[in-house]
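First the structure, in the form of structure tokens, and then the observations on it.
Residue indices begin at 1 and follow the sequence shown.
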Amino acid sequence: MSTDMPQFVMPPPVATERTVADDGFPGPGELEGPAAALTMAPVVGARPRAWLARVLVAVGVAGLLLGAVIQAGVHGAAGSAAAARTAALQATAMEYLTAIAEGRASDASALVPPTLRGQLAPDEVLAAARPIRDYSAAVGHLDGATGTVVVEYTVGGLELQRLLRAEEVDGTWRITTSLTEIPQVYQEHQLAQVSVGSVELEANRRMLLYPGAYMQDGVDTGLFRSVGNAFVVDGDPASVTEIWSGLELDMMVAVVAADLALGIVHDCQAEASCGVDAAARVQQLEEPHLRSVNPLTGGVDIGAPIAIGDRWTEVRIRALPDRLTGAAQWLCPEPERLDLPIVPCER
């Protein structure tokens with residue numbers, strides 16, 4: 001029995017084809033055992049490339065939608081700011097109209113300083129007027145820091161519309177168009193006064209008035225009274241508002257003056273002392289009128305037109321107030337001078 005160990009000879013290597021992937025890593029056929037099983041198993045959660053395209057499209061659409069939302073938000077914010085500015089301008093105009101309607105001239109002028117040169121009439125004047133009513137305000141347009149507002153109101157039975165300009169300063173609207181006017185005052189007598197709300201409106205002081213329907217105060221001295229027209233201020237400086245005032249005799253004073261004048265002419269006619277033909281018809285021609293007022297005594301000179309035949313003359317009568325009794329003292333002319341009342345009348 002041989003004791004030599006058998007010789008083990010390694011078999012020659014078997015050449016195998018190696019599959020290499022495009023990226024240089026072993027392909028699936030080159031791996032064996034667990035590695036091959038792992039490589040050949042399906043990958044959980046894998047998606048085809050079409051899914052990736054859909055994801056990219058969805059992301060793009062979401063971006064567009066987000067941009068639209070942001071843009072809409074910007075436009076919405078701008079619209080809200082414009083609405084707030086419009087409301088603020090409208091509120092400023094309504095505050096101005098309300099001050100005028102409530103007779104607060106000083107407050108109205110503080111809100112909108114008058115643009116005309118003159119003296120603002122006191123609050124009592126505007127408060128005494130019939131106020132504007134049914135007033136409203138609507139913004140015309142906004143252009144940066146400037147704008148316009150249309151106001152409407154009714155005064156003295158007139159429905160009016162005015163365009164007011166405004167400017168925005170430090171976020172606050174200010175109206176720059178004033179509704180004040182300066183009326184033209186005419187006095188038929190040097191002592192005639194225009195008085196509204198117990199305040200004299202002097203012609204030479206260029207009084208500023210706000211829209212309203214005004215009635216002049218009546219001043220009655222017992223011998224005469226002031227008269228004047230009612231007038232409406234419409235808030236348009238281009239229109240002309242005229243105020244006139246005058247004086248007229250008290251009715252009973254006029255009746256007494258007419259009787260005295262007729263009596264004087266009849267007496268001188270009967271006495272043939274004034275050149276009046278005894279056969280001439282003597283009658284009152286017109287109502288007696290106020291000729292002058294003495295500012296010191298308060299007395300008045302009265303002219304009484306008398307028809308004598310085919311001609312006429314004016315007899316002057318003077319009435320003086322008696323401060324103790326309140327009754328008038330009457331002076332009449334001499335027959336030779338019917339225009340010079342210097343002697344006490346005989347009644």
Side-chain angles (χ1 to χ4, degrees), residues 100 103-106 118-131 155-157 180-234 240-261 286-305 314-332 341 345:
I100 296 174
R104 296 182 285 113
S106 55
Q119 180 179 349
L120 181 67
D123 287 358
E124 291 81 0
V125 176
L126 181 58
R130 292 204 311 274
V155 59
T180 53
E181 285 187 48
I182 299 178
Q184 296 182 1
V185 179
Y186 301 96
Q187 296 169 296
E188 295 181 351
H189 192 279
Q190 61 179 352
L191 295 180
Q193 297 179 352
V194 175
S195 176
V196 177
S198 300
V199 177
E200 182 182 356
L201 305 181
E202 300 180 25
N204 59 349
R205 299 187 69 175
R206 293 174 57 86
M207 303 296 289
L208 296 170
L209 299 181
Y210 281 104
Y214 295 81
M215 180 72 72
Q216 296 187 49
D217 299 331
V219 178
D220 195 335
T221 68
L223 295 179
F224 64 91
R225 61 177 178 271
S226 62
V227 293
N229 65 320
F231 58 95
V232 174
V233 175
D234 60 11
V240 178
T241 301
E242 296 184 344
I243 308 175
W244 67 268
S245 65
L247 301 176
E248 67 178 15
L249 284 174
D250 177 80
M251 182 181 299
M252 292 307 301
V253 171
V255 169
V256 172
D259 289 344
L260 290 174
E286 296 176 357
E287 291 293 328
H289 57 273
L290 182 66
R291 291 192 60 90
S292 63
V293 177
N294 189 320
L296 298 179
T297 64
V300 295
D301 278 9
I302 304 167
E314 184 177 84
V315 180
R316 301 285 180 89
I317 306 293
R318 180 170 296 166
L320 300 173
D322 190 324
R323 302 185 184 280
L324 296 178
T325 65
Q329 298 178 349
W330 297 90
L331 298 179
C332 290
C345 299

(message) Using every non-hydrogen atom in the two residues, find where Gln216 and Trp244 come nearest and quote the distance to one decimal.
(response) NE2-O, 2.9 Å
(message) Let me confirm one number: the CG-CZ distance from Leu331 to Arg316, rounded to the nearest 0.5 Å.
(response) 14.0 Å
(message) Using 0.5 Å steps for rounding, measure from the CG atom of Asn204 to the CD atom of Gln187.
(response) 8.5 Å
(request) Of all the heavy-atom pairs spanning Ala192 and Ser245, show the shortest one and how long it is. (result) CB-OG, 3.7 Å
(request) Please report the shortest heavy-atom distance between Val196 and Ala128, naming the atom on each side. (result) CG1-CB, 4.2 Å
(message) Please determine whether side-chain contact (heavy atoms from CB on, under 4.5 Å) holds for the pair Phe224 and Val219, giving the CA-CA distance in whole Å, both sets of side-chain angles, and the decisive distance to 0.1 Å.
(response) CA-CA 8 Å; Phe224 64 91; Val219 178; over 6 Å; no
(request) Determine yes or no for a side-chain-to-main-chain donor-acceptor pair under 3.5 angstrom, with Asn229 supplying the side chain and Ile243 the backbone. (result) no
(request) Output the distance between atom OH (Tyr210) and atom CD (Glu181), rounded to the nearest 0.5 Å. (result) 12.0 Å
(message) So does Ala105 get a backbone contact from the side chain of Asp123, meaning a donor-acceptor N/O pair under 3.5 Å?
(response) yes
(request) Taking all heavy atoms of Ala261 and all of Val315, pick out the closest pair and write down the distance. (result) CB-CB, 3.8 Å
(request) Output the distance between atom CD1 (Ile317) and atom SG (Cys332), rounded to the nearest 0.5 Å. (result) 4.0 Å
(message) Within this structure, what is the CD1-CZ distance for the pair Ile302 and Arg291, rounded to the nearest 0.5 Å?
(response) 11.5 Å
(message) If I compare all heavy atoms of Ala257 with all of Ala304, which pair ends up nearest, and what's the gap?
(response) O-CB, 4.4 Å
(request) To the nearest 0.5 Å, tell me how far Glu248 CD sits from Arg225 CZ. (result) 4.0 Å
